[in-house]
Each structure stands twice: as structure tokens, then as C-alpha cells.
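A short write-up of the structure that comes next.
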Number of protein chains: 2
Amino acid sequence: MAKTPAGGARPPRADARRNQERILAAAREAFTRHGVDASLNDIARRAGVGPGTLYRHFPTREALLEAMLADRYHALAGHARDLAGTAPPAEAVPRWLSAFVRDLRAFRGLATSMKNALYDEGSVLFVSCKEMQVAWDVLVVHAQVAGVVRQDASPADLLRLAAALAWATEDLPEDTTEADRLLDLMLTGVMRG
Amino acid sequence: MAKTPAGGARPPRADARRNQERILAAAREAFTRHGVDASLNDIARRAGVGPGTLYRHFPTREALLEAMLADRYHALAGHARDLAGTAPPAEAVPRWLSAFVRDLRAFRGLATSMKNALYDEGSVLFVSCKEMQVAWDVLVVHAQVAGVVRQDASPADLLRLAAALAWATEDLPEDTTEADRLLDLMLTGVMRG
DNA sequence: ACCTGAACACCGTTCAAGT
DNA sequence: ACCTGAACACCGTTCAAGT
């Protein structure tokens with residue numbers, strides 16, 4: 001029994017754990033430099049492992065991405081809950097969306113991965129950011145009840161529009177304010193009258 | 001002199017002209033089916049030519065795309081001029097943007113090509129849609145003078161936002177109305193008060 | 001249990017050789 | 001003047017062979 005604990009995964013072998021960490025570090029650097037379409041063979045090479053080892057730990061590119069982003073999504077969920085408790089909805093919604101867009105601009109192509117996830121509930125990435133989605137839903141519904149967000153703009157709509165803004169600005173310098181300017185256009189509306 | 005007319009290109013050889021047409025037809029089908037990242041080798045194969053012949057006629061993927069889209073951009077330019085003369089700005093702007101988004105949804109990945117073009121004035125695609133951009137500029141400025149479009153929303157902003165909507169909806173069925181719904185959110189604004 | 005790395009079927013792109 | 005197609009350096013992915 002001590003050797004096969006019911007329902008529990010054995011602790012990973014030391015070399016496996018080390019490889020996993022090295023792969024993640026190499027992937028983070030490659031994605032930052034070349035975007036989420038960076039070569040997986042190259043990542044394995046730089047991590048000092050064979051391609052098979054990378055695939056053993058992360059069966060798909062999306063799984064690799066998810067492992068790198070789980071923390072961020074968890075933090076965004078916390079941020080949404082904080083804002084719900086401390087800021088008026090009219091401020092909370094734009095502020096959270098701005099943070100979400102900023103995070104989606106971390107790697108080129110990340111907005112596209114997020115879009116795919118938002119349209120596919122079975123995807124690893126969708127599941128991974130579910131906590132965030134729930135917290136965001138609450139925040140938006142509050143804002144709708146308060147009358148500051150249109151009823152026909154769903155929380156998912158806003159996530160998709162934010163992803164679209166991240167996509168539109170993903171090749172601009174990291175410190176650009178263009179994303180926030182376009183976000184303002186979108187939230188307050190382009191047309192008058 | 002008759003054999004080397006000053007400044008004029010000789011009429012293309014018959015086989016060259018035929019190959020060009022076959023390549024364009026194959027590319028149109030491949031882009032429709034697989035998106036703008038479709039395999040160029042495969043397109044050459046289906047057109048019945050060697051890869052070198054494809055590259056001779058279209059040195060880059062963008063050049064191939066441009067040849068397929070030039071007509072469409074010309075038509076969109078005409079559409080913008082028509083609307084400027086016949087419809088009130090408050091209707092003309094949303095109607096043209098809707099048509100632009102529809103065209104950008106013709107192939108998967110086309111919105112991304114357009115985004116790249118809009119940020120690179122030297123690109124083949126940027127030059128190719130210049131007539132369209134000029135006509136659109138006129139339409140938007142009219143709308144701004146009439147007070148129906150914000151002064152701080154430039155014509156280029158609106159093209160980028162429209163491309164972003166096409167990107168956000170590019171994997172949805174061709175006949176979806178989702179793009180128009182999101183366009184309305186963007187134009188009239190998500191937030192109230 | 002985990003890792004290695006050769007192997008496979010692709011890809012974009014080039015360029016010598018043909019006609 | 002134009003075309004061919006082999007060739008090069010990649011890519012993602014798999015899997016037999018090792019330890």
C-alpha cells in the first residue's frame with residue numbers, strides 16, 4: 001500500500017521534475033522571443049532534452065502554454081474578486097479588462113490561443129481559466145445590475161473583444177498605451193448621437 | 001524600337017499567362033479551404049507547375065494574396081464613394097464597416113494579413129488597398145464633421161478595429177451574424193452612463 | 001518510469017539545368 | 001523568357017531502443 005497509494009499520483013522522479021522545469025523555462029524564453037508558435041524542437045534542444053521528452057511532459061503546444069499561464073489566470077481571478085469588493089463597477093470593468101489585455105500581450109499569438117480556447121469549452125486553456133471566467137462573470141453581472149454595462153454585452157463578449165484588442169496591438173512595443181486607447185473607444189463607443 | 005518599347009512591359013508569353021491564371025485559381029481554392037497559410041508547394045502542385053514557377057510569378061505569399069484581393073479592394077473603394085454620396089454618415093459608416101468585415105472573413109488568416117499591412121505602409125497589401133483607404137478617410141471625416149463619429153477615432157483606428165472583429169469571428173460559420181452584433185457593440189459602446 | 005534521438009512526412013525557398 | 005524539380009534546412013510528431 002505504501003508503494004501504490006490509492007488514487008494518488010506517485011511523486012515524480014527527480015530527473016523528470018528537473019526536465020519539466022527546464023522545458024518550461026526554455027519555453028517561456030522562446031515564447032517571449034518568438035511568440036507562441038516558436039519551434040518545439042528548438043525549445044527541447046535548449047532545454048537539453050530530446051523532443052520525445054518534451055512531448056511526454058506536454059502532449060500539445062496548448063498544454064505547454066497552459067502550464068506557463070495557470071498562475072497568471074489565477075491572479076486575474078483574484079484581481080476580479082478584489083475589484084468587485086472595492087471599486088465601483090464603472091471603474092472595475094475597464095480596469096480589469098485593461099489588465100487582461102496586458103497579460104494577453106505577453107507573447108505574440110497568445111490572443112489567438114485565448115480566442116480558440118474561448119470558443120472551445122473542452123480545451124485545456126478554457127478549463128485552466130475557468131476560475132477567472134467565473135470571477136469575471138460576477139463582476140460584469142454586478143455592472144449590468146448597476147446599469148453601467150449593456151445587458152446585451154455578455155461577459156464572454158467582453159473577453160473576446162479584449163482578446164481582439166490584444167491581437168490588434170500585439171506587434172506594438174510592450175509599453176504602448178495604444179491598447180488602452182482602443183479599449184476606451186470600444187467601451188464608450190465610436191459613434192455619437 | 002518595335003521590339004523594345006520604351007517603358008512598356010512586353011506582353012507575357014502565352015504559357016506564362018496560363019500558368020499565372022492556374023496558380024491564382026489553385027490559390028483561391030486553397031486559401032478558401034485552409035486559410036491564407038495554406039501550403040504554397042501544394043498550391044503549385046495543384047496548379048500543375050513547379051514551386052519555382054509559383055515564386056517567379058508571386059515572389060511572396062503576400063503578393064499572391066494581393067493578386068487575389070485587388071478587385072475586392074477596388075470594389076470596397078467604390079462602395080465607400082457611393083455611400084458618401086447617398087447615405088447619411090450615421091448609416092454609411094456602419095454599413096461600410098460591415099462590408100469590410102465580411103470581406104476580411106473570406107479566408108481564415110486574412111484579418112491578420114490586413115493588420116500587418118495596416119501597420120506597414122511599404123507592404124504590397126497596403127499599397128493595393130490605398131484607393132480604398134482614401135475613400136474611407138473621406139467618409140469618416142464627413143461623419144466626424146457631422147458629429148456622428150468621435151474626433152479621436154481615426155479612420156485607421158476603425159479599419160484596425162474592424163480587422164479585429166473579423167479576426168474574432170473568423171472561425172464561425174460563414175453566414176453568422178455575430179460579426180455585425182460585435183460591430184454594433186463597438187460602435188455604440190459597451191458601457192452606459 | 002523515464003529518456004534518447006533517429007526517422008517520417010511535411011514545410012518554404014532556392015537555383016542549376018533545361019527548352 | 002520561362003519552366004522544372006531536385007535540394008536544403010527546417011518543422012511537428014512518433015516510436016523503437018535504451019537505462
Side-chain angles (χ1 to χ4, degrees), chain A residues 2-5 7-27 29-31 33-67 107-109 112-113 116 124, chain B residues 2-5 8-27 29-31 33-67 107-109 112-113 116 123-124:
Chain A
K3 289 195 166 181
T4 60
R10 235 184 284 266
R13 235 166 60 177
D15 56 347
R17 217 176 83 82
R18 216 195 35 148
N19 278 337
Q20 180 142 342
E21 281 167 10
R22 294 176 60 141
I23 290 167
L24 270 177
E29 186 175 334
F31 285 3
R33 200 183 312 250
H34 305 293
V36 299
D37 292 326
S39 160
L40 296 181
N41 277 341
D42 188 56
I43 290 171
R45 205 157 32 231
R46 285 170 194 273
V49 304
T53 303
L54 186 150
Y55 277 87
R56 164 170 268 269
H57 286 283
F58 306 101
T60 63
R61 187 184 293 274
E62 208 198 3
L64 186 51
L65 199 54
E66 189 278 330
F107 317 125
R108 231 173 328 122
T112 298
S113 301
N116 294 338
V124 181
Chain B
K3 288 195 164 179
T4 59
R10 236 185 283 266
R13 235 166 61 177
D15 57 346
R17 219 176 82 84
R18 216 194 36 151
N19 278 337
Q20 180 142 342
E21 280 166 11
R22 293 176 62 142
I23 291 167
L24 270 177
E29 186 174 335
F31 285 3
R33 200 184 312 252
H34 305 295
V36 299
D37 291 327
S39 161
L40 296 181
N41 277 341
D42 188 57
I43 290 171
R45 206 155 34 231
R46 286 170 193 272
V49 303
T53 302
L54 188 149
Y55 278 86
R56 163 170 269 268
H57 285 282
F58 305 101
T60 64
R61 186 184 292 275
E62 209 198 3
L64 186 51
L65 199 54
E66 190 278 328
F107 317 125
R108 233 173 327 122
T112 299
S113 301
N116 293 338
S123 82
V124 181

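The sequence lines fix the lettering, A, B, ..., with proteins before strands; numbering per chain opens at 1.
- When both pairing distances are held under 3.5 Å, D:dA17 makes no Watson-Crick or G-U pair with any nucleotide shown.
- Contact between the side-chain N/O atoms of B:N41 and the OP1/OP2 oxygens of C:dC10 is not found at any separation under 4.0 Å.
- Rounded to a whole Å, the OH atom of B:Y55 is 16 Å from the P atom of D:dT4.
- The residue A:T53 sits close to a base: some heavy atom pair falls under 4.0 Å.
- In this entry the distance linking CG of B:L40 with C1' of C:dC11 reads 9 Å, nearest Å.
- Nucleotide D:dC10 forms a pair with no other nucleotide shown, judged by Watson-Crick or G-U wobble geometry with both contacts under 3.5 Å.
- A:D15 comes within contact range of the sugar-phosphate backbone alone, with a heavy-atom separation under 4.0 Å but no base atom that close.
- Distances shorter than 4.0 Å separate some side-chain N or O of A:N19 from OP1 or OP2 on C:dC3.
- Within 4.0 Å of A:A38, counting heavy atoms only, lie sugar-phosphate atoms of the nucleic acid but no base atom.
- Residue contacts shown for A:A14 are absent, as no nucleic acid heavy atom lies under 4.0 Å away.
- When both distances must be under 3.5 Å, the Watson-Crick or G-U wobble mate of D:dC3 does not exist.
- Between A:I43 atom CD1 and D:dC11 atom C1' the separation is 13 Å, expressed in whole Å.
- The CZ-P distance, from B:R45 to D:dT4, rounds to 14 Å in whole Å.
- OP1 or OP2 of C:dA1 has not a single side-chain nitrogen or oxygen of A:R13 nearer than 4.0 Å.
- Using a 4.0 Å heavy-atom cutoff across all strands shown, B:R61 reaches sugar-phosphate atoms only and no base atom.
- For the pair A:D42 CG and D:dC10 P, the interatomic distance rounds to 10 Å; values are reported in whole Å.
- Considering only side-chain N and O atoms, A:H57 lies nowhere under 4.0 angstrom from the phosphate OP1 or OP2 of C:dC2.
- Look at CG on A:D37: it is 14 Å from P on C:dG12, rounded to the nearest Å.
- Taking both residues in full, the closest heavy atoms of B:Q20 and B:H57 are given as OE1-ND1, 2.9 Å, listed atom of the first, atom of the second, then distance.
- Counting to the nearest Å, the P atom of C:dT13 and the CD atom of B:E62 are 12 Å from each other.
- At least one donor-acceptor pair closer than 3.5 Å links the side chain of B:R61 to the backbone N or O of B:A38.
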Query raised in the report: What do the steps show when you test B:L64 against B:F31 for side chain to side chain contact (heavy atoms under 4.5 Å, CB included), and what is the final call?
Result: CA-CA 10 Å; B:L64 186 51; B:F31 285 3; 4.1 Å; yes
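- Under the 4.0 Å criterion applied to side-chain N and carboxylate O atoms, B:R45 and B:D42 are assigned as salt-bridge partners.
- Atom CD1 in B:I23 sits about 10 Å away from atom C1' in D:dC3, given to the nearest Å.
- Summarising the local packing, CZ of A:R46 is surrounded by 12 or fewer heavy atoms from other residues, nucleotides or ligands at distances under 6.0 Å.
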